[in-house]
Structures are given as structure tokens and as C-alpha cells.
Amino acid sequence: MDKNFDHKKYEKEIYEMWEKSGAFTPKIDKGKKPFTIILPPPNASGGMHTGNVLMIAIEDILVRWHRMKGDPTLWVPGTDHAGTETQITYERELKKEGKSRFQFDRETLYKNIAEFVFKNKRFIENQIRAMGASVDWTRYKFTLDEDVLETVRSTFEKLHKDGLVYRDNYMVNYCPVCGTTYADIEVAHEEKNDPLYFMKYGPFTIATVRPESKFRDTALAVNPKDKRYKEWLGKKLEIPGLLGPITMTVIPDPEVNPEFGTGIMKVTPAHDPHDFELGKKFNLPVLPIIDLEGRMDFSWFLSQNDADSKYRARAEKYHKKKVREARKLMVEDLKEDGLLLKTDEGYVHTVPTCKAGHEIEPTVLPNWFIKVDSLKEAAFKAVKTGKIKIYPKWREITYTRWMEAMHDWAISRQNVWGIRLPVWYSLQKNPTLQITYLKPDGQRVLRSGEGVLATNELNEAKAGLQQLRAPIGSQYEINQTSPGSDYLQETDTFDTWFSSGQWPLVTLGYPDSEDFKYFYPTSVMETAWEILSKWVSRMIMFGIYLTGEVPFRDVYLHGIVRALDGRKMSKSLGNVINPEEYIEQYGVDALRMGLISGTANGRDFNFPRDRVIAYRNFANKLWNLGRFTMMKLEELDSPTPEFDKKMKGLKKQDREILAKLKKLIKTVDEKLTKFRFADAAEAIYQFVWHELADKYVEEIKTREDKELAAAVLKHIYLTSLKLLHPFMPFVTEAIWGEIKNLRKYPDQMLITSEWLQV
RNA sequence: GGACUCGUAGCUCAGUUGGCUAGAGCGUCGCAUUGACAUUGCGAAGGCCACAGGUUCAAGUCCUGUCGAGUCCACCA
């Protein structure tokens, strides 16, 4: 044995040994209760970050512990296609090459992204290995594997059959840059400074940051309690505007704050979620004015032949301009007409933004929705009644609050990279479909369903298809494959969480595999609390909906590992900690232990750099205890006697340390049962270093009864290695291998050795 | 605006149902030492447990309020 433990020499080799030995693959034994964890699938095209190391460390501890205890233990690995996120990343790459996704037909783009992802996928798989995850690679899944697709599609079919799927025009969080819809929970809010304009509005003054939408306003809302405007309620008004008069109704809305601005709010049902709801209540028309590329669309006005020439010129000026640009032009014209009363330049408000940081443009679009009422009720109850337990307990509030507030879930995304909805539209039956495709010469055309048939371009449309938009009311069929030759498939894909929400099912081969029957429901879902509502809630919903049984019993939520400066790690802040550097420098055992001990209670914590170093030193201490033990045993003339509790001649110090070891085993078991990983780790650390190394070993050096002392030492040491193995798998297995001659069964690996009885 | 969490040694954090003479790692200081390990050993300094009230035989721990930090949720033009 070398003087110091060199992790680089062992980690890779040991992992390979484990993997090859089949130790990660459980033997199904119907007489025994299995222990199952599904690895939350990291983004296939991303890299593992520090949080992932913590996640893997925790799960690996549980898995190795149960495996050693003899439970048939399964830990299923997988990666996620991460639809929107990956597509954003890929499009950035395209942009660097001066290209955009609009230059590709759907199929080609998909293939290209797939290639990009598959190139990166192996990288992340190897990172998972490097972290020591004892996952069963023979059951590895990717969210776009064929069997996953089938299950996801049939779940959609079932939901549809049960009347839980609908299509509707709905106010969605639409990003004009990304060209897709986002679910409410994916939207972030940013503070922004935008001028607040006070405009003359007939007899009123209103305050708005969005004068550009005024052309399509259909009402004015006031608080019904506001005395100032009481007499106007229900009245219709002609309001002079930039393009002539607009007719508007004054409606009551208790949400209007009389204190804000002038106490009157303009209502634009087509571009504001709140106004959309109001519009439904009061039957207001929904009149869009911003197109899907985030440009003003005045075609509705320009098609009126009788329009005043001044107004026509203005409309032409605004037409197809980006929103902010058009706003500037309009403000100028408002000034000219004397309609702009004043501007508050210092106004700060929050605006919704998408994942990539673009401003969201609330837009009314046909989308696919899931009715969540019945699903969420069951999922809510499962936690409320304790069928599923959440650790730490206080996180439960986040879950129940979210569940109570949850509204229907928009599951369609206008992305290419994802699982396409198994919905088909016949062109014959739907002449008004809007189909965008590339002609063989690269020209991009938009035709109606009718138009495609009339020009005989169905095959071209199929080959060059980019996007299909079916108006509400279109006839469709749900099918795994095309129902006929004049059918086109929906181009929308599922929200990533729609597929990953079924992860515990698809990874186990739902509905009828042996695995599914044996391993479902799983034991623990361990993940970051950040995705409690995005992911965990959906898994519970789908699990109960499809199987009648919860997908897991316990949910353990770990905290976020923040940067050394106490802030969340982010590329823009430049404070990201790359775990690989720490693995390289201190070894993965040390990194894992450091992270584990950084948080005892699931709260967020700063990256514990000191502790990583401390545990690197500990690994070395452990290593040297091994060297010392070997040395002591080799000094003996006769073979070391096997330790036995009933051995004669045990001294006080022997009995003391044996008692402490017994207590330690009990502590570790207890703490792990309660998900108190830091406590367990700390207890072993204290014992090994300060009881075994500092006291017992020092004392042993001068003992006369060498045989007995050596037997006790060997027993304590081997037991410590076992206790520590779930936490620091590499160094313990490395030592185990180095000292094989001291062991009763030299060929046995530590990973599959037996856990300890108290 | 609502909710959650936190405020304990210079730093990063433990302290689970109230019983603590308040702990660990790192850092600091002193001493030691070439055969298990300097990625070492022995020892020391360092804390009105944010602040103010309350409950209790007993409060870092429970309750109320104040101040400070962070995060999540939210349709305020």
C-alpha cells in the first residue's frame, strides 16, 4: 500500500469492477421487499452540476445501504431530453453559425438536435459513473426511447378518452423569440423600468405601459366601489384614438385598484391574462394585434378600404414593427394628437420572462390542456393523508399550496425537440388548417389545408413541414400512427414534465412488465425541492391516475448548493463550481461527504469547500489505518485469530471501543432511516478518527497481548469500512481490496458484503 | 402583495420531541514529531445562541413582536 491514498489510481478501475460484476443489478426475490429509487433524469445534453453530486450521493447512500442489508435494490438511471431547454441551447449554437431553425424542416431539425444530444449523452453518463452512482445500467432509459414514447402517447389517449384533454383558445405565456408557449410555472418575473403613459381616453385618463395594444381594447374597467365612475358603468363610449374612434364599454371589476393611476384600466382581452378572463365574463371580443413573431399586426385595419388616409398611413407605419419600436412611434403620434398627457419615466413593474430571458407576450392561441381537478385532488390527498411523506416536513406546505392553486395544465409546446402529440388532422376535413413548410427549393410557404390540396403539394408539405396550426374546432384523430394519406400530425410536442411526470412508470416498464409488478411503487423519490411542484406533483398525479397507487412512499428534498459567495450558482454571475475539479483534486468520496455534511436538514447551503478537504484528509486517515492494521497483523507470528464476542482476556479499552462501535451501528441505521445523512456521516467520522485512530490505535501500540488486540483492531476496522462504504464507496472498496489477505472471504467485494447486525 | 426558511465561535454549518457545562470542520495561536498518516499528533483561545417581551422548575430550542438576510409563489394596468 502506498503511503497516501491516491483516488485517481482507484476510482475508475473500481467502478468498472462493480459494473462488470453485476452488483448493480438486483435479483428479484418475491419473498423479499425491494428497495427502489428512480434517478431524477438529468438533462441529456447538459453537464452534471454540484447539486447533481449531492443528489447522487444521497441516493447512492440509501441504495448501497439497502443493498448491503440484503434488500433487492434497484436504482434506475436515465436522462431527459429536456425539450425547451435543449432546443434553446441548440438554437444558440445555430445562431453562432448564422443559421436559424426556420431554415430547416421539422424532421431535419429534429435529427440535428438528436445528433447534438446523443453526442453529449455519453458524456453525462460517464459523469454519473464518475460520481460512483451504483445504478443499474442494464435498465438505463432515455425519455425519447421508443417504449417511453409509446407509454406517453397512450397516456394521452387515455386522458382523452376519459374526457380530461381539451383544446382551447387560451391566454398562454407565449415567447415570440422562442416561438413557443410556456406553462405558468416556467415563467419567471423580472423587474423592469418602463415608462408609464397617461393617455387621454375620451372623458377619462388612463395610465398604461402598453399604449400599443389600445387599438384592440374592447372595454374599460373600473372598481364598482369607485364613486368617481359609478355613473359610467355599463355605458358605451366612442373614444378618439390614433386610428379613429374605438367603441368601448365600461365594465366593473373589483380587482381594479382605484389608487393606481387614475383608477381606470383598459381591457385588452387578446394580450393580457387578466383581461382575457374579464373578456370571457363580459363576452368581449378577443382581437389580437401582436403576431407570433412579436410584431404589430394591423392587417385588420389595412383591409378596411374606407379608412382615412392619415390613419392608413399610420397603420402602415406601425405594421409589422416590433412591439417596442411601434410603441415609440405611437407615443410620438399620441403627442401630436394631444392624447398623451404625461409620462412617468421612473415606473418599475414586473414583467414575465421565459427560460431564455425573453419577455413573454401573453397571447391567445389554441393549445392542448389537461383538466387537473380530479387528478390533483387525489394527489393532494395522498400527501395530506400521509400515504406519501415529504421530508423535510415543512416543505409539505409548498406542495399543498401549489396543489390547491393548480389550474388546468397547458401541455403543448411549439417545439420540435420533444414527443410529438399523437394527434392527426385530415386536410380534407380541415380546409382551414394553417400549414407552414419548406418547398424543395428552400422557400418557406404558409398555406391552408385547402391550399395544399389545391396545389397538389401534400407530399411537399409532408416532407418540408415546419408547423401546423389547427384552429379551434378542427377535427382530429388520436392515433399512434397516421390514420390516412391526407393526414398531417400535430407539430406541437408535449411539455417535458408531461413525459417525465410518468418517469417512475416508464422506467419500470409500465403496465405489465415483471419489473413493474415487483418494484412499483418505488421507495423514495429524492430530488431538489425546486422541482417539487413542476415534477413531483405531476408524478404523483400520473402515478395515481394510471395505476391507482402512489408512485413512491417517501419524498426526500435536498437543498440547493449555492456558490462560495452564498448566491445561487449561475453562469452569468461566474460563480459556478465545477464538481469535476473537486473530484480531480480531492476525490469523489471527499466531495460527496463534504456535500452531505453541508446540509443536515434539507435547507440550502453554501458549497462546503473546507469540508471537502477535511474529508479528503479523512479518506487518507482511513487508508493509513488500513496500513497500520496490516502492519500489526503481519507482525504476529501466528495467523490472526478471528474476533469473537466471547473472546477471553478482553481489556477495558477493548470493551469500551466495542461498545462504542455497537452504538455507532445503531446510530447509523437510525439516522439513515430518518434521512439524517449528515448525522450518520458525522458519527462515523468521529468514531473512526477520534475513537479508533486517536485513542485505540495509540494505546494498542504498547500492548503486550498483541494477538488479542490485533483481532479486535481488525474487527473494528473492517466493520468501520462497511459502515462507511455507502458514504465513501471508493476509498473503502480500495482498502478492502488491498487488505484482502486479512479477510475471511478474500474474493468478496465490499459493495456486496453484508451489513451489520447490532 | 402572500408564503416559507434562516440569523449560534473569524468563516461554513450541526444542535430532531425544551434538560447544554452550547458543538463540528476550516481558520488562528502554542507545543510535539522521521516508521500508519504533515492529507499527522497534543493542547489553547474564541459565543449576552440577532434584538425585545412572554410561557415554563427549565428556552439556542415553544409563543408574540421588531430588525436583518435569502428563496418561492402572485394577473395589478
Side-chain angles (χ1 to χ4, degrees), chain A residues 1-7 171 173 184-185 187-189 194 196-197 206-211 213-214 217 220-221 253 255-257 259-268 271-278 347 349-350 352 362 391-398 400-402 405 529-530 532-533 559-560 562 564 566-568 586-587 590 593-594 597-632 670-671 674-676 678-679 681-683 685-686 689-690 693-694 697-698 700-701 717:
Chain A
M1 279 171 94
D2 294 340
K3 200 169 160 191
N4 293 112
F5 173 61
D6 179 9
H7 58 271
M171 178 60 63
N173 306 298
D184 289 344
I185 196 157
V187 174
H189 296 263
D194 281 312
L196 183 66
Y197 301 103
I206 58 146
T208 181
V209 281
R210 309 208 56 180
S213 60
K214 135 173 200 184
D217 291 354
L220 288 170
D253 176 13
E255 302 270 311
V256 173
N257 177 0
E259 307 289 319
F260 184 89
T262 53
I264 308 179
M265 185 181 80
K266 66 196 202 66
V267 181
T268 320
H271 294 292
D272 183 281
H274 177 245
D275 295 2
F276 181 76
E277 289 304 317
L278 267 183
Y347 182 64
H349 63 153
T350 51
Y391 299 86
K393 174 103 174 138
W394 53 267
R395 290 272 183 218
E396 217 181 276
I397 296 167
T398 319
T400 49
R401 266 167 47 105
W402 157 255
W529 61 261
E530 277 182 300
L532 178 65
S533 22
I560 296 170
R562 288 184 308 233
L564 294 160
R567 289 192 289 183
K568 238 174 130 167
Y586 304 112
M593 275 295 256
S597 68
T599 174
N601 46 23
R603 248 186 277 122
D604 296 353
F605 62 104
N606 295 357
F607 183 79
R609 187 174 190 281
D610 301 347
R611 287 177 198 247
V612 177
I613 296 168
Y615 281 110
R616 187 273 313 260
N617 295 351
F618 180 57
N620 190 56
K621 190 76 184 174
L622 197 68
W623 176 263
N624 274 290
L625 272 169
R627 290 178 72 202
F628 178 82
T629 307
M630 275 251 272
M631 194 184 81
K632 277 287 150 198
E670 274 172 12
K671 295 297 184 184
K674 289 195 260 178
F675 301 105
R676 303 285 305 188
D679 291 353
E682 186 66 23
Y685 176 93
Q686 288 299 333
W689 202 312
H690 301 301
D694 289 348
V697 161
E698 286 309 314
I700 223 175
K701 288 177 179 168
Y717 184 62

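The analysis underlying the following values was restricted to heavy atoms, covering all of them including side chains, and did not include hydrogens, waters or symmetry mates. Convention: sequence-line order gives letters A, B, ...; per-chain numbering from 1. These numbers come from a predicted model, not from an experiment.
The closest donor-acceptor contact from the side chain of A/Asn620 to the backbone of A/Asn4 lies at 3.5 Å or more, if one exists at all. Checked by atom type and distance alone, the side chain of A/Thr599 pairs as donor or acceptor with a backbone atom of A/Arg603 at under 3.5 Å.
The nearest heavy atom of RNA chain B to A/Arg627 and to A/Asp604 marks one nucleotide each, and the one closer to the 5' end goes with A/Asp604. Nucleotides of RNA chain B nearest to A/Ala619 and A/Phe605 differ in position, and the one nearer the 5' end is that of A/Phe605.
Looking at heavy-atom distances under 4.0 Å, A/Trp402 makes no contact with the nucleic acid at all. No engagement by A/Arg395 is indicated, since no non-hydrogen atom pair under 4.0 Å with the nucleic acid exists. Residue A/Val256 is in base contact, counting any heavy-atom pair closer than 4.0 Å across all strands shown. Residue contacts shown for A/Trp529 are limited to sugar-phosphate atoms, with no base heavy atom under 4.0 Å away. A/Arg603 comes within 4.0 angstrom of the backbone, heavy atoms only, and of no base. Here A/Ala678 lies out of heavy-atom contact (under 4.0 Å) with every strand. Counting any heavy atom pair closer than 4.0 Å across all strands shown, A/Thr350 reaches sugar-phosphate atoms only and no base atom.
As a whole-Å value, the separation of A/Ile613 CD1 from B/C26 P is 9 Å. Whole-Å rounding puts the A/Asp610 CG to B/A9 P distance at 16 Å. What separates CZ of A/Arg616 from P of B/U40 is a distance of 8 Å, to the nearest Å. Rounded to an integer number of Å, the gap from CG of A/Asp272 to P of B/C76 is 9 Å. The distance between atom CE of A/Met630 and atom C1' of B/G35, rounded to the nearest whole Å, is 15 Å. B/C76 atom C1' lies 10 Å from atom CG of A/Asp275, rounded to whole Å.
You won't find any donor-acceptor pair under 3.5 Å spanning the side chain of A/Lys3 and the base of B/C37, going by distance alone.
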Intermediate values then yes/no, side chain to side chain donor-acceptor pair (under 3.5 Å), A/Trp623 and A/Asp2: CA-CA 9 Å; A/Trp623 176 263; A/Asp2 294 340; over 6 Å; no

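In terms of the side chain to side chain donor-acceptor pair (under 3.5 Å) criterion, residue partners of A/His690 (sequence neighbours excluded) are, by chain and number, A/Asp694.
No more than 12 heavy atoms of other residues, nucleotides or ligands sit less than 6.0 Å from atom CZ of A/Arg609.
Side-chain nitrogen and oxygen atoms of A/Asn617 include none within less than 4.0 Å of the OP1 or OP2 phosphate oxygen of B/C37.
Residue A/Lys621 has its side chain nearest to B/A36 when only B/A36, B/U71, B/C73 are considered.
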